[in-house]
Amino acid sequence: QQQVKQSPQSLIVQKGGISIINCAYENTAFDYFPWYQQFPGKGPALLIAIRPDVSEKKEGRFTISFNKSAKQFSLHIMDSQPGDSATYFCAASLYSGAGSYQLTFGKGTKLSVIP
Amino acid sequence: GAVVSQHPSWVICKSGTSVKIECRSLDFQATTMFWYRQFPKQSLMLMATSNEGSKATYEQGVEKDKFLINHASLTLSTLTVTSAHPEDSSFYICSARAPGGGRNNEQFFGPGTRLTVL
């Protein structure tokens with residue numbers, strides 16, 4: 001059972017445009033929602049994260065919008081650049097007991113920003 | 001930010017041999033490290049959670065006798081793929097939980113290790 005659903009699978013955006021990636025979750029016990037950026041052959045890097053008590057968080061060109069009632073959150077990349085071309089993963093964190101937390105990842109979105 | 005390294009970055013081995021992958025937190029102590037597996041164009045799948053000084057907790061479907069995890073110190077965890085076969089070929093990624101993360105499960109990821117079993 002996939003607990004975090006991510007869409008779209010792939011996205012093509014023109015340079016300067018806005019890239020939007022959406023995620024939905026089912027488990028209301030999730031309490032931390034990070035986004036990761038991954039380039040080919042590299043490990044994921046934390047981009048931005050949000051907690052469910054906040055509806056929006058902005059860091060530079062990256063914004064997370066969070067809708068707790070709808071159990072959805074999205075990543076917006078403003079003024080998208082070719083260097084943003086990568087695979088983006090949303091994730092959700094769940095306390096798994098004994099002081100341990102686990103991340104559940106979405107399936108990823110391959111973003112291509114074309115000049 | 002915190003840095004996590006992996007060694008080797010890639011390895012090619014013959015079927016039946018064992019391969020050890022190291023994961024190190026370079027500038028912080030990590031009481032918890034995680035091991036993930038990623039197939040091409042797919043998401044990260046958690047294999048196991050490794051706590052320093054105790055046995056790893058494996059996810060359902062992951063063979064603990066095949067994927068041996070040792071977390072001997074606060075900065076080092078190792079994954080040994082025993083008797084590797086071609087189906088074990090994958091991208092293995094470790095992560096370490098940030099110190100003082102509190103309720104945030106901020107994890108810093110290593111660069112990954114590409115394993116190819118011939």
Side-chain angles (χ1 to χ4, degrees), chain A residues 1-10 21 23 25 27 29-54 57 59 64 86-112, chain B residues 1-7 9-10 21 23-24 30-52 54-60 71 90-116:
Chain A
Q1 178 185 5
Q2 183 188 356
Q3 297 191 54
V4 180
K5 295 183 178 180
Q6 183 172 347
S7 63
Q9 189 174 4
S10 63
I21 304 171
C23 282
Y25 63 97
N27 192 338
F30 287 134
D31 63 357
Y32 176 68
F33 301 88
W35 285 89
Y36 288 88
Q37 179 188 58
Q38 185 180 30
F39 293 103
K42 304 294 183 182
L46 179 65
L47 200 58
I48 187 172
I50 198 168
R51 298 196 63 84
D53 52 351
V54 177
K57 184 175 181 179
E59 290 184 359
I64 299 178
T87 298
Y88 293 80
F89 293 95
C90 63
S93 175
L94 179 68
Y95 182 64
S96 56
S100 181
Y101 296 80
Q102 288 186 354
L103 285 175
T104 299
F105 285 85
K107 290 192 172 184
T109 297
K110 184 176 181 181
L111 171 65
S112 299
Chain B
V3 180
V4 175
S5 70
Q6 279 183 244
H7 178 80
S9 56
W10 59 269
I21 302 170
C23 176
R24 293 181 184 272
T31 54
T32 304
M33 290 184 171
F34 303 86
W35 285 96
Y36 295 85
R37 184 173 182 177
Q38 186 178 34
F39 290 106
K41 299 183 180 180
Q42 293 191 23
S43 189
L44 286 80
M45 297 301 297
L46 179 65
M47 298 176 66
T49 301
S50 169
N51 290 297
E52 186 266 339
S54 63
K55 291 183 178 180
T57 302
Y58 290 81
E59 294 301 299
Q60 190 174 8
H71 193 158
S90 188
F91 194 50
Y92 292 88
I93 308 172
C94 72
S95 72
R97 184 168 176 231
R103 295 170 58 212
N104 288 349
N105 186 23
E106 183 169 350
Q107 295 181 21
F108 293 97
F109 285 80
T113 296
R114 173 74 60 193
L115 170 63
T116 301

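Treat the numbers as computed from the prediction; the structure is a model and nothing was measured. Here is the naming used below: chain letters follow the sequence lines, and residue numbers restart at 1 for every chain.
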Requested in this report: Tell me, for Q38(A) versus chain B, whether the close heavy atoms (under 4.5 Å) come from the side chain, the backbone, both or neither.
Outcome: side chain
Requested in this report: Of all the heavy-atom pairs spanning S43(B) and G106(A), show the shortest one and how long it is.
Outcome: OG-O, 2.6 Å
Report summary line: Taken to the nearest 0.5 Å, the spacing of Y36(A) OH from Q107(B) CD works out to 5.5 Å
Query raised in the report: With a 4.5 angstrom heavy-atom cut-off, which part of I93(B) approaches chain A: side chain, backbone, both or neither?
Result: side chain
Query raised in the report: Going from CG on L103(A) to CZ on F34(B), what distance comes out if it is rounded to the nearest 0.5 angstrom?
Result: 7.0 Å
Query - Distance-minimising heavy-atom pair for F89(A) and Q38(B) - result: CZ-NE2, 3.5 Å
